[in-house]
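Side-chain atoms are counted along with the backbone in the values below, which use heavy atoms only and exclude waters and symmetry mates.
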Amino acid sequence: MSPSADSVPPKSNGLDPNNPFNKIWRGSKDGSIALKPMPKFDDPYAEREWIKAHLAAVFRYWGKMGYAEGNAGHITVRDPVLPGYYWMNPINVHYSTMTVGSRHTLLPLLLMHLKVSKLVLVDPNGRPSPYGAQLPINSADSAIHEARPDIKAAAHCHSLHGKAWSVFGKPIEITTQDACIFYDNHSVYDNFGGVVLATEEGKNIAQALGPKNKTCILQNHGLLTLGTTVDEAARLFTLLDKQCHVMLLTAAASSSGLKPNVIGKEEAEYTAKFLQEPEVTYSGVSGIRRIYGI
């Protein structure tokens, strides 16, 4: 039996006790020790720099996780300055080498190549604009961004466990606490239309996602996740790939007669209310941000 959603701690330190984010941590009474929430921006240019720093950090993490697979994979994030524009990675550049650039101008020439931004600002026509790195790009997620104005980031690549589970064309099961984040938040695109180059294929994937789901398994292809921040999209992607791994291990163990226990609807729904809160998902990537100094 899940706990009652009405049983909340008393309000203190100006924090809203009904906000799921404020239920996952405990700090000092005087507020000097607290978990930082997502920042809010009044300056779109400051938000742009924040987005670029986090996007580059996520790519370097993806490189560490071994997600890079030749020309495949990309993350796109809406630009807060120019409507219809979004940031993404260039093609044929390894994720682990992604950089956001440097504001310093007096750098040794030998280090300059490490400080040049590799992030491309894509225009509404899906072409590199003159405002970001002047590098070619992969096909992007314009159809998904158009269909889902509620999201700011879309992440896709061909991770090992994700593409292995995708061959079954089946959704993942809610068998672990971490998997509860996918409860009523998960789709399967059960058709393989080849390399996603045509706009029509992007529209089909957007239709499979529907109006609210943020995660999707692309049959015989890989995974796709969405987020209100690049941090959320990246967190969902990593969790989905790991749950695909769990599904493969569970399927192997089941062949010996073991039967997995799926989490009940009530418990999964209760847990999902916490895990799916964007600020909670954002905080789950804090370790990655600390590694890369942001």
- Under a 4.0 Å N-O cut-off, is there an ion pair linking Arg48 with Asp43? no

- Item | Between NZ on residue Lys265 and CG on residue Asp184, distance to nearest 0.5 Å | 8.5 Å

- Item | Heavy-atom pair of closest approach, residues Ile144 and Ile205 | CD1-CG2, 4.2 Å

- Task: State plainly whether one hydrophobic cluster holds both Phe41 and Val100, where clusters connect Ile, Leu, Val, Met, Phe, Trp and Tyr through side-chain heavy atoms under 4.5 angstrom apart.
- Result: yes

- Message: Once rounded to the nearest 0.5 Å, what's the spacing between atom CD of Glu267 and atom OH of Tyr183?
- Response: 10.0 Å

- Do you reckon Val81 sits in the same ILVMFWY cluster as Tyr85, going by side-chain contacts under 4.5 Å, direct or chained? yes

Listed pairs under 3.5 Å, donor-acceptor, residues 165-178 side chains, sequence neighbours left out:
| unit_1 | atom_1 | unit_2 | atom_2 | d |
| --- | --- | --- | --- | --- |
| Trp165 | NE1 | Lys170 | O | 3.0 |
| Ser166 | OG | Lys163 | O | 2.7 |
| Ser166 | OG | Asn220 | N | 3.3 |
| Ser166 | OG | His221 | N | 3.2 |
| Thr175 | OG1 | Gln243 | NE2 | 3.0 |
| Thr176 | OG1 | Ala179 | N | 3.1 |
| Thr176 | OG1 | Gln243 | OE1 | 3.2 |

- Item | Taking every non-hydrogen atom, the tightest pair across Arg78 and Ile51 | O-CD1, 3.8 Å

- Message: Looking only at side-chain N and O atoms, does Asp241 offer a donor or acceptor that is under 3.5 Å from a partner on Ser159?
- Response: yes

- Query: Looking only at heavy atoms, what is the nearest atom pair of Cys180 and Ala272, with distance?
  - Reply: O-CB, 3.3 Å

- Within a strict 4.5 Å, meaning less than it, do heavy atoms of the Leu119 and Met88 side chains meet? no

- Value for CG (Asn89) from NE2 (His94), rounded to nearest 0.5 Å, stands at 11.5 Å

- In terms of hydrophobic clustering (I, L, V, M, F, W, Y; side-chain heavy atoms under 4.5 Å; direct or indirect links), are Trp62 and Ile91 co-clustered? no

- Message: Quick check on the hydrophobic clustering: are Leu223 and Val246 connected, directly or via other members, by side-chain heavy-atom contacts under 4.5 Å?
- Response: no

- Side-chain donor/acceptor of Gln276 to backbone N/O of Phe274, under 3.5 Å: no

- Message: Quick one, Leu82 and Tyr131 - any side-chain contact, counting heavy atoms below 4.5 Å?
- Response: yes

- Message: In this structure, is the centre-to-centre distance between the rings of Tyr61 and Tyr95 below 6.0 Å?
- Response: no

- Item | Heavy-atom pair with the smallest gap, counting every atom of Leu226 and Arg148 | CD1-NH1, 3.7 Å

- Item | Side-chain donor/acceptor of Gln207 to backbone N/O of Lys203, under 3.5 Å | no

- Task: Enter the distance from Leu239:CG to Cys244:SG here, rounded to the nearest 0.5 Å.
- Result: 11.0 Å

- Value for CE (Met247) from CG (Leu240), rounded to nearest 0.5 Å, stands at 11.0 Å

- Between His54 and Asp231, does any side-chain donor sit less than 3.5 Å from a side-chain acceptor? yes

- Query: Under a 4.0 Å N-O cut-off, is there an ion pair linking Lys273 with Glu277?
  - Reply: no

- What about Leu160 and Leu218, same hydrophobic cluster or not, with Ile/Leu/Val/Met/Phe/Trp/Tyr joined at side-chain heavy-atom distances under 4.5 Å? no

- Item | Distance, nearest 0.5 Å, that separates CG of Leu275 from OH of Tyr270 | 10.5 Å

Check residues 251-262 and write down every donor-acceptor pair under 3.5 Å in which the side-chain atom is one partner and the other belongs to a residue at least two apart or another chain.
| unit_1 | atom_1 | unit_2 | atom_2 | d |
| --- | --- | --- | --- | --- |
| Ser254 | OG | Thr250 | O | 2.7 |
| Ser255 | OG | Ala252 | O | 2.5 |
| Ser256 | OG | Ala253 | O | 2.6 |

- For residues Ala72 and Asn138, report the shortest heavy-atom separation together with the two atoms involved. CA-ND2, 4.0 Å

